[in-house]
A.B. asks: 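Got a structure for you, questions after.
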Amino acid sequence: MSTNLISKKFSNLENKKIYIYTLGCKVNQYESDAMTQELISYGCTSVPEDQAADIYIINTCSVTNMADKKSRQMINRMRRKNSDAIIAATGCYVQATGDELVKNGTVDLIIGNNRKKDVARILSEYIDTKSVSDNYIDINKDPDFENLSITLPENHTRAYIKIQDGCNNFCTYCIIPYVRGRIRSKKFDDIINEANTLAKNGVKELILTGINVSSYSDISYEEEKKLEDIISEINNIKGIERIRMSSVEPRVITDKFLETVKNSDKFCPHFHLSLQSACNNTLKAMNRKYTIEEYKDTCKKLRETFDDPAITTDIIVGFPGETDEDFQDTIKNLTELGLYEIHTFKYSRRKGTVADKMKDQIDEKVKNSRSDAVLELTAKQKKVFENKFINKSQDVLIEEIVNIDGKKYYRGHTTRYVLVDIPLSSVLAEGEDENKYINELISFTLT
């Protein structure tokens, strides 16, 4: 079907003001960006939150009960902003609750996960008929990857490419396999085409993201394409300066993977290596597929391959049954690992998961105490890691200008994702436009 015919079919979207609010992960943000781009192509105008919109779309999260609560709160907030507006909800919370939100009048319509690509059709149909069809599916029975794409993100410097969706791991604390479905991967050629388009539009850094990036696989080729093949191919794209990955599991760090990324001059030695607990007892209770010894071995391989790679992770404290001894084991192992950053979360019960029904739920005061201990440890380790680069020249990709105490600074990240603020006065020559170095790589000696 031609673009003109499609535009005519969805002509009732023209001049509609839209606002999309995103909760949760980078995958959700990517999908929100893709929906925004799609709706704009049919004549919609994206407006900021402080302006009234005709259509509000809340892209929800359901990773914890607190995420569910925030999703409900944001839906109600958007309803209060304009009672006459169309309120649509999508995302993982919607997938978990089904038609409940429509039945109780909370939203006008829902858009199921893996139906975000049809956002224009669904909204157009609702405007015409006040009802919709084929807007919600049993995602656990859907084998197809939802092939969304973006041409230019709001931040022109860095862009995410969603290469994978779904998860087969079924960790005992996690609802995601039930609301995102089984593992599905984007076609290799589609990924490379999207990367080429983003590069032509000026994007300098690409981040490969998904629900479980480690599981990426395209078997339509004579030789299966894996994550390292994507990195190798993107490395050849003119204009792309940096390649990163979102969270990966230890099992993806194979000898073949390391050999590939070591030979990529654009790959950043920054690994968010999934952990969740540094105690084998707790890892087993979580149904994680590795031991702390295997995790340590992976970190050792990374450090043997790269000079001072930035290794970050997530830790859940207060998981059901986590004893004081288990937690001390976690602290001991985290201390030995010497990671750059540890993102710390207090276990939150999530209905529909195995862990929600486990005995020996941990008191909130104990969770708080354990969280504080990990936060204190990661603050020390972060300082130790960043101090390694003092008085050393680092390449910084400039993303924006910020004002700190009345002085202007360029803000960007090094290859190891260390955040750096550089005084404009130390870079600009007299009379130069201050925007000259936005979206550019500059070398700067850290102090």
Side-chain angles (χ1 to χ4, degrees), residues 24-25 61-70 92-93 96 140 166-180 182 211-212 214-215 247-252 272-299 311-339 341-381:
C25 64
C61 177
S62 193
V63 69
T64 64
N65 283 343
M66 182 57 68
D68 283 358
K69 182 179 179 181
K70 289 181 179 178
C92 293
Y93 175 60
N140 293 295
C167 184
N168 295 355
N169 286 341
F170 291 93
C171 299
T172 56
Y173 54 81
C174 188
I175 195 71
I176 297 304
Y178 304 98
V179 294
R180 281 282 178 176
R182 301 295 76 76
I211 298 302
N212 185 357
S214 305
S215 67
S247 178
V248 294
E249 296 183 3
R251 65 183 175 87
V252 82
H272 191 79
L273 199 61
S274 182
L275 182 54
Q276 309 307 340
S277 174
C279 168
N280 282 334
N281 291 337
T282 308
L283 286 172
K284 184 177 181 179
M286 289 176 167
N287 196 33
R288 301 297 289 176
K289 305 300 192 298
Y290 48 80
T291 64
I292 187 60
E293 288 77 21
E294 290 169 332
Y295 189 94
K296 287 180 178 179
D297 184 57
T298 299
C299 290
I311 306 174
T312 62
T313 199
D314 298 319
I315 287 291
I316 298 172
V317 299
F319 189 77
E322 182 186 62
T323 65
D324 289 340
E325 291 76 14
D326 290 336
F327 179 69
Q328 288 307 315
D329 197 24
T330 282
I331 290 293
K332 171 180 171 292
N333 286 318
L334 288 176
T335 301
E336 291 176 6
L337 282 166
L339 304 176
E341 277 190 297
I342 305 167
H343 301 154
T344 310
F345 303 89
K346 291 173 281 189
Y347 170 71
S348 173
R349 297 180 73 163
R350 180 63 178 83
K351 291 181 181 179
T353 63
V354 173
D356 179 54
K357 300 176 182 179
M358 286 182 174
K359 297 180 181 179
D360 301 320
Q361 297 286 333
I362 306 299
D363 183 81
E364 289 300 319
K365 290 183 179 180
V366 175
K367 291 180 189 178
N368 290 337
S369 175
R370 291 177 182 176
S371 175
D372 290 343
V374 178
L375 289 171
E376 182 179 353
L377 174 62
T378 191
K380 293 177 181 178
Q381 292 184 335

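Along the sequence shown, residues carry numbers from 1.
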A.B. asks: Are the side chains of F170 and V354 in contact, using a 4.5 Å heavy-atom criterion?
C.D. replies: no
A.B. asks: To check you understand the geometry: which heavy-atom pair defines the closest contact between M358 and A285, and what is its length?
C.D. replies: CE-O, 3.4 Å
A.B. asks: Salt-bridged, K351 to D68, with N to O below 4.0 Å?
C.D. replies: no
A.B. asks: With rounding to the nearest 0.5 Å, note down the distance linking OG in S215 to CZ in R182.
C.D. replies: 11.5 Å
A.B. asks: I'd like to know if the side chain of E294 and the backbone of T291 have a donor-acceptor N/O pair within less than 3.5 Å.
C.D. replies: yes
A.B. asks: Keeping S274 on the side-chain end and V248 on the backbone end, is there a donor-acceptor pair under 3.5 Å?
C.D. replies: no
A.B. asks: Show your working on side chain to side chain contact (heavy atoms under 4.5 Å, CB included) between I211 and I176 and close with a plain yes or no.
C.D. replies: CA-CA 8 Å; I211 298 302; I176 297 304; 3.5 Å; yes
A.B. asks: Could you report the tightest heavy-atom contact between C61 and Y93, atom names first, then the distance?
C.D. replies: O-CB, 3.5 Å
A.B. asks: Is D297 reaching over with its side chain to a backbone N or O of E293, donor-acceptor style, under 3.5 angstrom?
C.D. replies: no
A.B. asks: Where the side chain of N140 meets the backbone of Y178, is there a donor-acceptor pair that is under 3.5 Å apart?
C.D. replies: yes
A.B. asks: Side-chain contact, heavy-atom cut-off 4.5 Å: V317 with V374?
C.D. replies: yes
A.B. asks: Could you grab the distance from atom CD1 of I315 to atom OG1 of T313, nearest 0.5 Å is fine?
C.D. replies: 5.5 Å
A.B. asks: State, yes or no, whether a side-chain contact exists between C174 and N287 at a heavy-atom distance under 4.5 Å.
C.D. replies: no
A.B. asks: Verify side chain to side chain donor-acceptor pair (under 3.5 Å) between D326 and T323, making sure each step is shown before the conclusion.
C.D. replies: CA-CA 5 Å; D326 290 336; T323 65; 3.2 Å; yes
A.B. asks: Under 3.5 Å, is there a donor-acceptor pair between the side chain of E322 and the main chain of G318?
C.D. replies: yes
A.B. asks: Could you tell me whether K296 and E336 have a side-chain N and a carboxylate O separated by less than 4.0 Å?
C.D. replies: yes
A.B. asks: With a 4.5 Å cut-off on side-chain heavy atoms, are H272 and D314 touching?
C.D. replies: yes
A.B. asks: Do I342 and L375 have side chains that get closer than 4.5 Å, going by heavy atoms?
C.D. replies: no
A.B. asks: Measuring from Q276:CD to T330:OG1, what's the distance to the nearest 0.5 Å?
C.D. replies: 11.0 Å
A.B. asks: List the steps, then state whether side chain to side chain contact (heavy atoms under 4.5 Å, CB included) holds for S277 with I316.
C.D. replies: CA-CA 6 Å; S277 174; I316 298 172; over 6 Å; no
A.B. asks: Tell me, do I175 and V63 make a side-chain contact under 4.5 Å, heavy atoms counted?
C.D. replies: no
A.B. asks: What I'd like to find out is whether the side chain of L275 reaches to under 4.5 Å of the side chain of Y290, using heavy atoms alone.
C.D. replies: yes
A.B. asks: Let me see the working for C279 and Q328 under side chain to side chain contact (heavy atoms under 4.5 Å, CB included), right down to the final yes or no.
C.D. replies: CA-CA 9 Å; C279 168; Q328 288 307 315; over 6 Å; no
A.B. asks: Quick one: pull up CG in N168 and CG in N212 and give me the separation to the nearest 0.5 Å.
C.D. replies: 8.0 Å
A.B. asks: If the threshold is 4.0 Å, N to carboxylate O, is there a salt bridge linking R370 and D324?
C.D. replies: yes
A.B. asks: Report the C-alpha distance between T64 and Y347 in whole Å, list the side-chain angles of each, state the deciding distance to 0.1 Å, and finish with yes or no for side chain to side chain contact (heavy atoms under 4.5 Å, CB included).
C.D. replies: CA-CA 9 Å; T64 64; Y347 170 71; over 6 Å; no
A.B. asks: Count the heavy atoms of every other residue, nucleotide or ligand shown that sit under 6.0 Å from NZ of K70, and state whether that count exceeds 12.
C.D. replies: no
A.B. asks: Is there a donor-acceptor contact under 3.5 Å linking the side chains of N368 and S371?
C.D. replies: no
A.B. asks: I'd like to know if D356 pairs up with R349 as an ion pair, taking the criterion as any Lys NZ or Arg NE/NH1/NH2 lying under 4.0 Å from an Asp or Glu carboxylate oxygen.
C.D. replies: yes
A.B. asks: For K289, does the NZ atom have more than 12 heavy-atom neighbours from other residues, nucleotides or ligands under 6.0 Å away?
C.D. replies: yes
A.B. asks: For the atom pair NZ (K367) and OG (S348), what is the distance rounded to the nearest 0.5 Å?
C.D. replies: 7.0 Å
A.B. asks: Do E325 and N281 have side-chain N/O donor and acceptor atoms under 3.5 Å apart?
C.D. replies: no
A.B. asks: When you measure from the side chain of Q361 to the backbone of A355, do you find a donor-acceptor pair of N or O atoms at a distance under 3.5 Å?
C.D. replies: yes
A.B. asks: Hey, what's the ring geometry for F319 with Y173, parallel, tilted or perpendicular (30° and 60° as the breaks)?
C.D. replies: perpendicular
A.B. asks: Just wondering, do S214 and R251 contact through their side chains at under 4.5 Å, heavy atoms?
C.D. replies: yes
A.B. asks: Test your reading of the model: is there a side-chain donor-acceptor pair from Q381 to the backbone of L334, 3.5 Å cut-off?
C.D. replies: yes
A.B. asks: Rounded at 0.5 Å granularity, tell me how far CG in N169 sits from CE in M286.
C.D. replies: 13.5 Å
A.B. asks: Indicate yes or no for a side-chain donor-acceptor contact from T312 to the backbone of H343 under 3.5 Å, with no hydrogens or angles considered.
C.D. replies: no
